[in-house]
There are 2 protein chains.
Amino acid sequence: MTQNPKGTLFAQFALVAKALGQPNRLELVESLAQGERGVEALSKATGMSIANTSQHLKQLRQAGLVTSRKDGTSVIYRLSGEEVILLFNALQRTAERHLAEVQQVVGVYYNARDHLEPISREELMARLNEGSVSVLDVRPKDEYAAGHVPGAINITSGELEKRLEDLPEGREVIAYCRGTWCVLSFNAVALLRAKGITARRLEDGYPEWKASGLPVEGTNTPAS
Amino acid sequence: MTQNPKGTLFAQFALVAKALGQPNRLELVESLAQGERGVEALSKATGMSIANTSQHLKQLRQAGLVTSRKDGTSVIYRLSGEEVILLFNALQRTAERHLAEVQQVVGVYYNARDHLEPISREELMARLNEGSVSVLDVRPKDEYAAGHVPGAINITSGELEKRLEDLPEGREVIAYCRGTWCVLSFNAVALLRAKGITARRLEDGYPEWKASGLPVEGTNTPAS
DNA sequence: TTGCTATTTAATTAAATAATATAATTATTT
DNA sequence: AAATAATTATATTATTTAATTAAATAGCAA
């Protein structure tokens with residue numbers, strides 16, 4: 001080992017890549033990108049058994065991608081750092097650029113993408129400071145609670161139609177959700193526009209916002 | 001498949017990660033990050049048989065990481081885009097941050113790292129425009145030929161001691177090689193300093209320079 | 001055509017690893 | 001001690017893996 005440093009390094013890099021080489025584990029990573037979570041919650045989110053979830057988490061931990069802490073009888077997992085989100089993103093970007101099948105899914109399910117002209121993180125930050133926008137978080141409540149864009153209102157996709165009055169009037173609405181591939185914010189924007197409300201999507205999602213070092217609010221944030 | 005777009009996407013992302021989940025394939029990627037190459041050259045670079053190399057290249061191609069073109073009877077491979085370099089880099093960075101074994105190798109073999117204060121790409125670019133530095137490329141000749149930092153002189157690690165007079169005098173020397181983990185540039189800087197020549201390393205290596213969109217020279221570059 | 005070279009497939013082997021399910025175990029709290 | 005949450009152990013079944021050897025294909029040159 002120690003006589004072939006390059007070989008050792010590449011073996012370790014491969015270990016990390018391998019840990020991401022399974023869809024269920026990628027789903028765990030995506031889930032954790034929203035904020036820390038217990039094993040049971042992760043098991044529900046991915047549809048795997050608890051024992052199975054635990055095994056996969058073990059592999060992610062061995063690859064250095066997640067860490068955990070104890071909270072009473074529960075074990076709470078989190079991504080071991082923001083670089084993991086960047087890595088996950090680089091993976092998505094590469095796949096999107098070069099795999100025909102990904103492009104096809106994008107075309108069929110996300111083709112409103114370009115038309116909805118997403119707003120960049122920097123621009124949203126600037127307009128938040130001006131107070132000229134309302135931000136809408138369409139993710140599940142627990143993910144919102146763990147962390148969200150400052151001042152964002154949480155209305156899940158299903159409730160949106162009934163709770164339109166909860167949105168401040170007269171301001172443009174910026175919607176976001178879990179990441180680049182999350183359809184919920186597309187749906188939200190489409191619905192709002194159908195109701196005559198000016199709305200746009202934020203580029204990517206909450207994990208990328210946080211990974212960019214922009215301010216966040218919630219239980220799972222540096223401040224609290 | 002088409003009824004579960006998210007599942008399809010994650011399966012594809014996993015496919016890409018899996019392709020990077022094997023040390024030999026990572027070595028192929030690192031090799032190709034220097035510039036395009038034929039199968040035989042790649043086989044030699046990695047120490048694998050030609051047939052085996054071909055198989056691994058097939059997997060990389062299926063994952064959308066490499067493409068190829070024919071040149072006479074030869075097949076020349078190249079990375080399918082700069083994002084692949086960024087992905088490879090994100091992988092390294094994550095592993096470095098979170099895996100103890102990587103940190104140990106780094107500590108033992110690369111511990112001169114911090115002391116040699118690397119120069120950033122931006123700073124080197126600025127100083128190149130001023131003409132206040134000489135750039136030294138310590139990679140093998142063929143990689144240099146495929147592409148290099150504009151104006152760089154190619155002296156391989158082994159030749160350096162005998163060819164010191166080929167370096168212009170009176171300017172600081174900036175050395176670089178294949179990437180973040182390449183020891184050759186460390187050695188070169190150490191040797192130059194021992195000879196009383198002011199020298200520093202460039203951060204990362206040639207692939208990252210190129211991926212950053214900075215200008216390059218050589219046979220395998222946009223211009224030629 | 002014939003041969004030469006470079007690369008890709010195909011077929012095979014043997015080893016390793018895969019994911020999941022079930023059951024038992026550990027640790028913590030009440 | 002009982003209850004809860006997570007991990008570990010064990011087993012099963014299937015798949016996958018990398019690598020070798022040999023055969024096949026494609027382009028080029030004599």
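Each chain gets a letter, A, B and so on, in the order the sequences are listed, and its residues count up from 1. Both backbone and side-chain heavy atoms feed into the values below; hydrogens, waters and symmetry mates do not.
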_Nearest-Å distance for atom pair CD/P, residues A:Q59 and C:dT20_ = 10 Å
*Ignoring hydrogens and angles, state whether a donor on the side chain of A:E143 or A:H148 is under 3.5 Å from an acceptor on the partner side chain.*
no
*Rounded to the nearest angstrom, tell me the gap between atom CE in A:M48 and atom C1' in C:dA19.*
10 Å
_Side-chain H-bond candidate by donor/acceptor type, B:Y77 with B:R61, under 3.5 Å_ = yes
*Can you tell me if the side-chain N/O atoms of B:H56 get under 4.0 Å from OP1 or OP2 in D:dA19?*
yes
*In whole angstrom, what separates B:L26's CG from D:dA18's C1'?*
15 Å
*Identify which nucleotide among D:dA18, D:dA26, C:dT20 has an atom closest to any side-chain atom of A:N52, counting heavy atoms from C-beta outward.*
C:dT20
*What integer distance in Å separates A:L28:CG from C:dA19:P?*
12 Å
*Give the rounded distance in Å between these two atoms: CG of A:D71 and C1' of D:dA6.*
13 Å
Extract from the structure each pairing of a protein N or O with an N or O of nucleotides 5-9 of chain C at less than 3.5 Å, listing the distance.
{"residue": "C:dA6", "atom": "O4'", "partner": "B:T73", "partner atom": "OG1", "Å": "3.4"}
{"residue": "C:dT7", "atom": "OP1", "partner": "B:V39", "partner atom": "N", "Å": "3.4"}
{"residue": "C:dT7", "atom": "OP1", "partner": "B:V75", "partner atom": "N", "Å": "3.4"}
{"residue": "C:dT7", "atom": "OP2", "partner": "B:E40", "partner atom": "N", "Å": "3.4"}
{"residue": "C:dT8", "atom": "OP1", "partner": "B:Y77", "partner atom": "OH", "Å": "2.6"}
{"residue": "C:dT8", "atom": "OP2", "partner": "B:S54", "partner atom": "OG", "Å": "2.9"}

*asked:* Check whether B:T53 reaches the backbone of B:S49 with its side chain - one donor and one acceptor, N or O, closer than 3.5 Å.
replied: yes
*Are A:S68 and A:R78 linked by a side-chain donor-acceptor pair shorter than 3.5 Å?*
no
*What are the two closest non-hydrogen atoms of A:L136 and A:A188, and how far apart are they?*
CD2-CB, 4.4 Å
*Counting only Watson-Crick or G-U wobble pairs whose two distances fall under 3.5 Å, which nucleotide matches D:dC28?*
C:dG3
*Between B:F10 and B:F13, what is the ring plane arrangement, given parallel below 30°, perpendicular above 60°, and tilted in between?*
tilted
*asked:* Can you measure B:Q22 atom CD to C:dA16 atom C1' for me and round it to whole angstrom units?
replied: 13 Å
*Starting at the 5' end of DNA chain C and moving along, which residue's nearest nucleotide shows up first, A:K18 or A:K70?*
A:K18
